[in-house]
Amino acid sequence: MEDKRKEEAALIAAEAPAVAAEAIQQEISEAAAKSHRAGFVNIVGNPNVGKSTLMNDLVGERISIITSKAQTTRHRIMGIVNTPDYQIVYSDTPGVLKPKYKLQESMRDFSEGALTDADILLYVTDVVEDPEKNSDFLERVAKETIPVLLVINKVDLLKGNNDLEKLVENWKKRLPNAEIFPTSATENFNVDNLKARIVELLPFSPPFFGKDALTDKPARFFVTEIIREKLLLNYDKEVPYSTEVLVEKFEEKETAIHIMAVIYVERDSQKGIIIGKGGEKIKKIGIQARQDIEKFFGKKVYLEIFVKVEKDWRNQENKLREFGYIE
């Protein structure tokens, strides 16, 4: 019996340092959590006000594609900023619009979902848009109890300070609880002050993602976005809005990536427009996309692009699910 007690005592003594070390580590983790800040900062607003440009400015990386056309952003895209003291999880969202087909319904859902899970809300407008546009969405923003930062973008387009003062006064009436930040995302004007205020408003929390994370999206997603950006830049009218891109092959090796992508269109006539005479247009898209993909990944890229017709895909739930618009 005495030998058994000695064995138990020896076992407890042996485990004691490990238990003590675990307790100390727990205390360190708890102390770090009390001093570390982390939160979700969601960017919302109407189409074409500069949300994606602002997102890229805030993240410091080109996460969202940018064109001068409305409805460039279709998905909700996260960009993550890490320092030893904080983690900011930004979300770029599609511009708020009244849906005409199921794809736009999904886009609207992404925007509305951003109102429900934010720690800080950035409502972006600019100096030319009509404040009455999508006023029902703006009314929901006005009722938010979380901090709302109203970003008046593109102030570099204004000619005098009086114009800015009038804008600020008008927006104070619409969003009385919001802090207002006149900015120019393209000129990086007042963006640093906006960043500093965001950090001040972050709640104390451990990080939500690994400290080396930049986004929640996989590599394939950024390939599709880069190709879609080239479609928006090179085609007019309805054609680029009727396209979607799906990466069917992404084979990465140490020095190179082999990618096979499909551009989907809704009509046979659109397929002909995308390809162009003698394949000239699709070849141009491929060169432009490959150059940007190589910059993004820092590797040689072999890119193959095909065009397929999927009639009325923007209203097909199964295709929208395949393209990542519906979970």
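These numbers were taken from a predicted model, which means no experiment stands behind them.
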Original post:
Is the closest side-chain donor-acceptor distance between H36 and Q87 under 3.5 Å?
Top reply: no

Original post:
Do I326 and S106 come close enough that some side-chain heavy atom pair is under 4.5 Å?
Top reply: yes

Original post:
Given the rule that I, L, V, M, F, W and Y join up when any side-chain heavy atoms are under 4.5 Å apart, are I287 and F306 in one cluster?
Top reply: no

Original post:
Any chain of hydrophobic side-chain contacts (each under 4.5 Å) joining F208 to I88?
Top reply: no

Original post:
How far apart are the closest heavy atoms of L54 and V151, and which atoms are they?
Top reply: CD2-CG1, 4.1 Å

Original post:
What pair of heavy atoms forms the shortest contact from Y90 to I198, and how long is it?
Top reply: OH-CD1, 3.7 Å

**OP:** Say whether I227 and I257 are linked into one hydrophobic cluster, either directly or through other cluster members, by side-chain heavy-atom distances under 4.5 angstrom.
**Re:** yes

**OP:** Begin with the C-alpha distance, continue with both residues' side-chain angles, and end with the deciding distance and a verdict on salt bridge (charged side-chain N to carboxylate O under 4.0 Å, His left out) for E304 and K249.
**Re:** CA-CA 9 Å; E304 296 178 86; K249 180 180 181 179; 5.8 Å; no

**OP:** For residues I285 and K281, determine if any side-chain heavy atom of one lies less than 4.5 Å from a side-chain heavy atom of the other.
**Re:** no

**OP:** Can you spot which of E254, E251, E294, E252 makes a salt bridge (charged side-chain N to carboxylate O under 4.0 Å, His left out) with K299?
**Re:** E252

Original post:
Looking at F222, F297, F221, Y302, which one forms a ring-ring contact (aromatic ring centres under 6.0 Å, His included) with F250?
Top reply: F297

**OP:** For the pair D92 (side chain) and I77 (backbone), establish whether a donor and an acceptor sit closer than 3.5 Å, ignoring hydrogens and angles.
**Re:** no

Original post:
Just wondering, do D292 and E229 contact through their side chains at under 4.5 Å, heavy atoms?
Top reply: yes

Original post:
For S242, does its backbone N or O pair with a side-chain atom of W313 as donor and acceptor, under 3.5 Å?
Top reply: yes

Subject >> Flag side-chain contact, heavy atom, 4.5 Å: I282 against I274 >> reply: yes

Original post:
For K211, does the NZ atom have more than 12 heavy-atom neighbours from other residues, nucleotides or ligands under 6.0 Å away?
Top reply: yes

Subject >> Non-hydrogen atoms of G210 and N82 that approach each other most closely >> reply: O-ND2, 4.0 Å

Subject >> Min side-chain heavy-atom separation V127-D163 under 4.5 Å >> reply: no

Subject >> Side-chain ion pair, E225 and R228, N-O less than 4.0 Å >> reply: yes

May I have the list of side-chain donor-acceptor pairs in residues 136-146 shorter than 3.5 Å, sequence neighbours left out?
| unit_1 | atom_1 | unit_2 | atom_2 | d |
| --- | --- | --- | --- | --- |
| D136 | OD2 | R108 | NH2 | 3.4 |

Original post:
When you check the gap from the basic side-chain N to the acidic O, do E244 and K319 get nearer than 4.0 Å?
Top reply: no

Original post:
Between the side chain of K195 and the main-chain N/O of V59, is any donor-acceptor distance below 3.5 Å?
Top reply: no

Original post:
Is there a donor-acceptor contact under 3.5 Å from the side chain of Q270 to the main chain of E266?
Top reply: yes

Original post:
Which atoms form the tightest heavy-atom contact between A38 and P206, and what is the distance?
Top reply: CB-O, 3.5 Å

Original post:
Salt bridge between R267 and E238, side-chain N to carboxylate O under 4.0 Å?
Top reply: no

**OP:** May I ask you to decide whether R197 forms a salt bridge with E200, counting only side-chain N to carboxylate O separations under 4.0 Å?
**Re:** yes

Original post:
Hey, what do you get for CG (D57) to OG1 (T183), rounding to the nearest 0.5 Å?
Top reply: 8.5 Å

**OP:** Indicate yes or no: at least one non-hydrogen side-chain atom of V124 is less than 4.5 angstrom from one of V49.
**Re:** yes

Subject >> Partner of M78 under side chain to side chain contact (heavy atoms under 4.5 Å, CB included), chosen from I63, V89, N42 >> reply: V89

Original post:
Can you list every salt bridge (Lys or Arg N to Asp or Glu O under 4.0 Å) pair that touches residues 148-161, not counting sequence neighbours?
Top reply: D126-K154

Original post:
Is a side-chain donor or acceptor of R37 paired with a backbone partner of L202 at a separation under 3.5 angstrom?
Top reply: yes

